[in-house]
Amino acid sequence: MKFKAVKGTRDFYPDVMRLRNYIVDAWRRVSLRNGFEEYDAPIFEYLDLFTIKSGDEIAEQLFHFTDRGGRRLAIRPEITPSLARMVAAKINTLPRPIKWFSVPRLCRAENPQKGRLREFFQWNVDIIGVDGIQADVECIFTAVDFLREVKLTADDACVRIGCRPLTVASLEMAGMPEDKIEAALALLDKRPKVTAEVFIKLATAAGLDEKQLAAACALQDCKSIKEIQELMDGRENIAGILDDLRELMKRLEQMGIGDYCQLDMSIVRGLAYYTGVVYEVFDRKQSLRAVAGGGRYDKLLEIVGGPAASATGFGMGDVVLGILLDEKGKLPEDVLAGMLDFFVIDGEDGTFEKVLEVVAALRTRGYAADYSFKRQNIGKQMREANRRGARLAMIIKKEQQGDQPEEFTASLKNLLTGEQRDGISITDFLNQPTLIP
RNA sequence: GUGGCUGUAGCUCAGUUGGCCAGAGCAUCGCGUUGUGGUCGCGAGGGUCGCGGGUUCGAGCCCCGUCAGCCACCCCA
């Protein structure tokens, strides 16, 4: 074969496409029932839209090109800058609250590895223009609502919640210079993933004071708000932050998802622009990278050249999620195999035209119905019905009584149980929905 | 971008110290006597052994390169 799928990309054959659709459909369903509206943006944007937020180095991680008009463009590696751009353009006319979601296809020019490809889908859920923690609660609830929707229990996955301002405060209290805080946060984000020795090495390499870092490390190890409070010793400037965090956890509990959520101050997130609560969804065993991540990013709209507007939200990729669902055996039967409601069979000569009528009628009524292209014996057609994953096989027969015009009847066989009913009048069957199993 | 491991049919793999025509299971398709699937039996299709070069009388097996996959680093929006 001369051509294959490009490095880090996937071909979606029907069996894989079923999985993708299962995930994307659930994302949409859950978003809508949580009151979010869908938006989308172009698949490529001006390169600058992405570099302004993340720096020029990011260009190396992007698929970018120059068009014939000399415009420097890039395929989107994320949709948040586009969201910021769209919201900024109409900020004064958009109805509030702005609760939006999207399922963009994204590309990043990174080296593929487990759970990470060059092309993927990512569910984005954001609330813009709401300052209070209730917006964060909404996003976290939506994430958990999805986990439940795809049958991931609190034993399978959890949301670990951290708080950027507290970490920053602990660094400030320890005397960390302001210009070093960003680097310190980046390093703290890595702490759970590296050994103590490596952490110290990285710290000295970044020119960070160990003692100052230690204060934040102590905070990271706190398991409860009470512990944090004791550690931070009731400093005034953090009282409000602590109250917010306490209230956030309480509301998550009230909304019935407390078992999925745990405070974890080691969650910092790599990105510079987070300004409040941050969180990541992990599989409990934590054998995979994060399934989702997000938090509050109140400055981003301004950075992208828009008005000042607070924002919070998260992203969830399809790749890690797909691996997790597969590993946990959570994929429904009809995702693993195709599903058909009816497979209609011509049971004897002269019934094929009736088959077409019945198939058409079933389809019109919303059932997935199909039939064999080959006119062959019932056994072969039954086998095809089975292969196609049909729930029911319907065999059309002809009955003639005396001089009466011939009448068609059907035998209906449940292919899962083997149960069969015969002599069903086709007219009655199609007219009475109750007869349809 | 860097490093390690791997690369034989759609999938999972066998393939003896390099030696005649490259194998199995699963999957796919066909057949199993005018007829009710899944099980079972028989059969077929499908591979220039990732690709390119080299060593050799001879390479799936050895060497080099390249591409891809996996894993780790960088990064993680």
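Naming: A, B, ... by sequence-line order, numbering from 1 per chain. In what follows, every heavy atom counts, from backbone to side chain, and hydrogens, waters and symmetry copies are set aside.
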Side-chain donor-acceptor pair present, A:Asn124, A:Glu78, cut-off under 3.5 Å: no

Gap between atoms CG and P, on A:Asn386 and B:G35 respectively (whole Å): 21 Å

Span that lies between the C1' atom of B:G10 and that of B:G45, in whole angstrom: 12 Å

Sugar-phosphate, base or nothing in reach of A:Arg387, heavy atoms under 4.0 Å: sugar-phosphate

Touch class at under 4.0 angstrom, heavy-atom based, for A:Asp189 against every strand present: nothing

Ring centre gap for A:Phe146 and A:Trp123 strictly below 6.0 Å: yes

Protein-nucleotide distance (A:Glu348, atom CD; B:U34, atom P), rounded to Å: 16 Å

Nucleotide nearest A:Lys114 (side chain, heavy atoms from C-beta), chosen from B:C71, B:C31, B:G69: B:C71

Length of the line joining A:Arg375:CZ and B:U34:P, which is rounded to integer Å: 17 Å

Sugar-phosphate only, base, or nothing, as touched by A:Gly389 at under 4.0 Å among non-hydrogen atoms: nothing

A:Lys7 (side chain) and B:U66 (base): donor-acceptor pair under 3.5 Å: no

Options B:A77, B:C70, B:C73, nucleotide nearest the side-chain atoms of A:Asn111: B:C73

Rounded distance in Å - CD (A:Gln122) to P (B:C76): 14 Å

Nearest-Å distance for atom pair CD/P, residues A:Glu384 and B:G38: 13 Å

Same-atom distance (P) from B:G1 to B:U66, integer angstrom: 12 Å

Side chain of A:Gln113 (C-beta onward), nearest among B:A72, B:A77, B:C75: B:A72

Gap between atoms CE and C1', on A:Met394 and B:U36 respectively (whole Å): 15 Å

Sugar-phosphate only, base, or nothing, as touched by A:Arg289 at under 4.0 Å among non-hydrogen atoms: base

Touch class at under 4.0 angstrom, heavy-atom based, for A:Lys397 against every strand present: base

Whole-angstrom distance between B:C21 and B:C29, as gauged at atom P: 34 Å

Sugar-phosphate, base or nothing in reach of A:Gly347, heavy atoms under 4.0 Å: base

Along RNA chain B (nearest heavy atom to each residue), the more 5'-positioned of A:Tyr274 and A:Ile395: A:Ile395

Integer-rounded Å distance: B:G37 P and A:Leu416 CG: 16 Å

